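Below: the structure, in structure tokens.
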Amino acid sequence: SLCYQVPALMLPGLTVVVSPLISLMKDQVDALTARGLPAAFINSTLTGAQVSDRLSRAARGDIKLLYVAPERFDAGTTAERMRAMGVSLLAVDEAHCISEWGHDFRPSYLRMRHVRERLGAPPTVALTATATPEVRRDIAAQLALRNPMIIVTGFDRTNLHYHVLPTRNDTEKDDALVQTLREHEGLAVVYASTRRNVERIAGVLERARISATAYHAGLDDAHRHEVQDSFMNEDVRAIVATNAFGMGIDKPNVRLVVHHAMPGTLEAYYQEAGRAGRDGLHSECV
């Protein structure tokens, strides 16, 4: 995030950050505003009046970083209004969502090339923690980047320890999950494949007297914010979630990530396991 947050504060105009998840926008903006930095988001949780107010503040220069969902550009004149303000930088976060070879493909991201033109073709940066060479090529092509500088850092997170626990059925899997949470201290993220499983597993943990909460796309916005805040504030021990949770969430002290269901790709696995130990301390991925 620093790759666009620091330039945003140095550049004269507005930095537009395209971000795929409401939870991710909220997390980033909360962290920036807590430091007194001029950031805001525009997404479906706001009323029309709130959106107009934030665009007006951006036009006055009171907001330097404006987080926007890609779908916001699909209708209306949002891009043209931003262009009139003077866009210094377009940052496409979680850029693997652009690629049909990425693990979280979003069709609205495919229109970012045209959005970029409507914004006045500002300098553009695309960022992701998980991009194979194929995905990197696709991101550059989809955004129509000319000779982009591609920077790839290391993938080896030496503080993460990976384990496999053999189980024969869901009952054994549930038992292994409870046992793992009892053996390891600290905050935990448990990934499940469907909304129904998320709710079921959260129930299993609650019955085992492990405080847990469920997070998935089926919750309404207010409930989702409540769940996210309870985890970020450490009011609960574990959050059980579909892979919609955690992308870009900066909770540094998650000590344990459990994959109750195996992710569909190695990239998705790495993205989920990567929620653990962002503070550099020893963490477990099971």
Side-chain angles (χ1 to χ4, degrees), residues 1-9 11 13-98 104 106 108-109 111-112 115-116 118-119 122 124-129 215-217 219-233 241 244-251:
S1 306
L2 289 175
C3 296
Y4 58 82
Q5 288 174 351
V6 171
L9 298 174
L11 291 165
L14 181 68
T15 290
V16 176
V17 184
V18 176
S19 182
L21 297 173
I22 287 170
S23 57
L24 172 53
M25 284 188 211
K26 182 181 183 302
D27 185 53
Q28 298 236 351
V29 171
D30 283 354
L32 289 164
T33 50
R35 292 180 172 87
L37 299 174
F41 60 74
I42 295 176
N43 62 34
S44 59
T45 65
L46 304 180
T47 64
Q50 288 173 313
V51 171
S52 292
D53 174 61
R54 292 183 184 197
L55 286 172
S56 299
R57 285 165 56 207
R60 290 197 303 270
D62 296 343
I63 291 171
K64 294 287 288 174
L65 276 142
L66 195 56
Y67 287 75
V68 188
E71 290 80 6
R72 174 63 50 171
F73 297 109
D74 288 350
T77 58
T78 304
E80 287 69 26
R81 288 184 69 181
M82 290 178 180
R83 180 176 185 162
M85 299 171 197
V87 178
S88 289
L89 180 67
L90 171 62
V92 181
D93 207 0
E94 306 298 345
H96 54 266
C97 294
I98 288 175
D104 200 14
R106 284 272 285 276
S108 54
Y109 264 84
R111 295 184 275 280
M112 286 314 302
V115 170
R116 189 178 167 217
R118 289 165 59 200
L119 289 171
T124 299
V125 58
L127 308 104
T128 173
Y215 185 102
H216 54 70
L219 304 178
D220 62 60
D221 290 336
H223 192 175
R224 262 211 309 264
H225 284 164
E226 202 178 294
V227 167
Q228 187 178 344
D229 287 343
S230 69
F231 181 70
M232 297 303 276
N233 298 333
F245 181 81
M247 193 193 293
I249 297 291
D250 189 24
K251 185 66 178 157

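Please read all numbers here as calculations on a predicted model, not as lab measurements. Position 1 is the first residue of the sequence, and the numbers go up from there.
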#### Entry: Interatomic spacing from CE in Met82 to CG in Leu119 - rounded to 0.5 Å
7.0 Å

### Close side-chain approach of Arg116 to Val92, heavy-atom, < 4.5 Å
no

#### Entry: Note, Asp220 side chain near His223 side chain (heavy atom, < 4.5 Å)
yes

### Query
If you measure from the Lys or Arg side-chain nitrogens to the Asp or Glu carboxylate oxygens, is any gap between Asp30 and Arg35 under 4.0 Å?
no

### Query
Between Gln28 and Ser19, does a side-chain hydrogen bond (donor to acceptor under 3.5 Å, both in side chains) hold up when you go through it step by step?
CA-CA 10 Å; Gln28 298 236 351; Ser19 182; over 6 Å; no

### Gap between atom CG of Leu46 and atom OG of Ser52 - 0.5 Å precision
10.5 Å

### Task
State, to 0.1 Å, how close Leu9 and Pro38 come at their nearest heavy-atom pair, and which atoms those are.
CD2-CD, 4.1 Å

### Query
Do you know which two heavy atoms are closest between Ser108 and Pro70, and how far apart they sit?
OG-CG, 3.5 Å

### Task
In sequence, state the C-alpha distance, the side-chain angles, and the governing distance for Ser44 and Ile22, and then conclude on side-chain contact (heavy atoms from CB on, under 4.5 Å).
CA-CA 8 Å; Ser44 59; Ile22 287 170; 3.5 Å; yes

### Query
What's the spacing between Met232 CE and Asp27 CG if we round to 0.5 Å?
4.0 Å

### Query
Does a side-chain heavy-atom distance below 4.5 Å link Leu219 with His216?
yes

### Query
Are any of the side-chain heavy atoms of Val125 and Leu89 separated by less than 4.5 Å?
yes

### Query
Counting distance only, does the side-chain N/O of Asp53 pair as donor-acceptor with the main-chain N or O of Ala49 below 3.5 Å?
no

### Task
Would you please test Thr128 and Glu94 for side-chain hydrogen bond (donor to acceptor under 3.5 Å, both in side chains) and show each step?
CA-CA 5 Å; Thr128 173; Glu94 306 298 345; 4.8 Å; no

### Query
For Arg224, what residues pass the salt bridge (charged side-chain N to carboxylate O under 4.0 Å, His left out) criterion, not counting sequence neighbours?
Asp221

### Task
For Lys26 and Asp229, run side-chain contact (heavy atoms from CB on, under 4.5 Å): C-alpha distance rounded to whole Å, both residues' side-chain angles, the deciding distance at 0.1 Å, then the answer.
CA-CA 10 Å; Lys26 182 181 183 302; Asp229 287 343; 3.1 Å; yes

### Thr15 vs Lys64 side-chain heavy atoms within contact, under 4.5 Å
no

### Side chain to side chain, Leu65 and Leu37, heavy atoms closer than 4.5 Å
no

### Task
Measure from the side-chain N and O atoms of Thr33 to the backbone N and O of Ala31, and report whether any donor-acceptor pair falls under 3.5 Å.
no

### Task
May I ask you to establish whether Arg118 and Phe73 are in a cation-pi arrangement, using a distance under 6.0 Å from NZ or CZ to the six-membered ring centre and at most 45° from the ring axis?
no

### Pairwise side-chain contact, Val17 with Leu66, heavy-atom cut-off 4.5 Å (strictly under)
no

### Task
I would like to know whether Asp74 and Arg111 meet side-chain contact (heavy atoms from CB on, under 4.5 Å); could you show each step before the answer?
CA-CA 8 Å; Asp74 288 350; Arg111 295 184 275 280; 3.0 Å; yes

### Message
Donor-acceptor pair, distance only, cut-off 3.5 Å: does the side chain of Arg54 make one with the backbone of Ala40?
### Response
no

## Note on the structure
Heavy-atom nearest pair, Gln50 first then Thr47, reads OE1-N, 2.8 Å

### Message
Between Tyr4 and Asp93, does the side-chain hydrogen bond (donor to acceptor under 3.5 Å, both in side chains) criterion hold? Intermediate values first, please.
### Response
CA-CA 9 Å; Tyr4 58 82; Asp93 207 0; 3.0 Å; yes

#### Entry: Tyr67 and Leu32, any side-chain heavy atoms less than 4.5 Å apart
yes

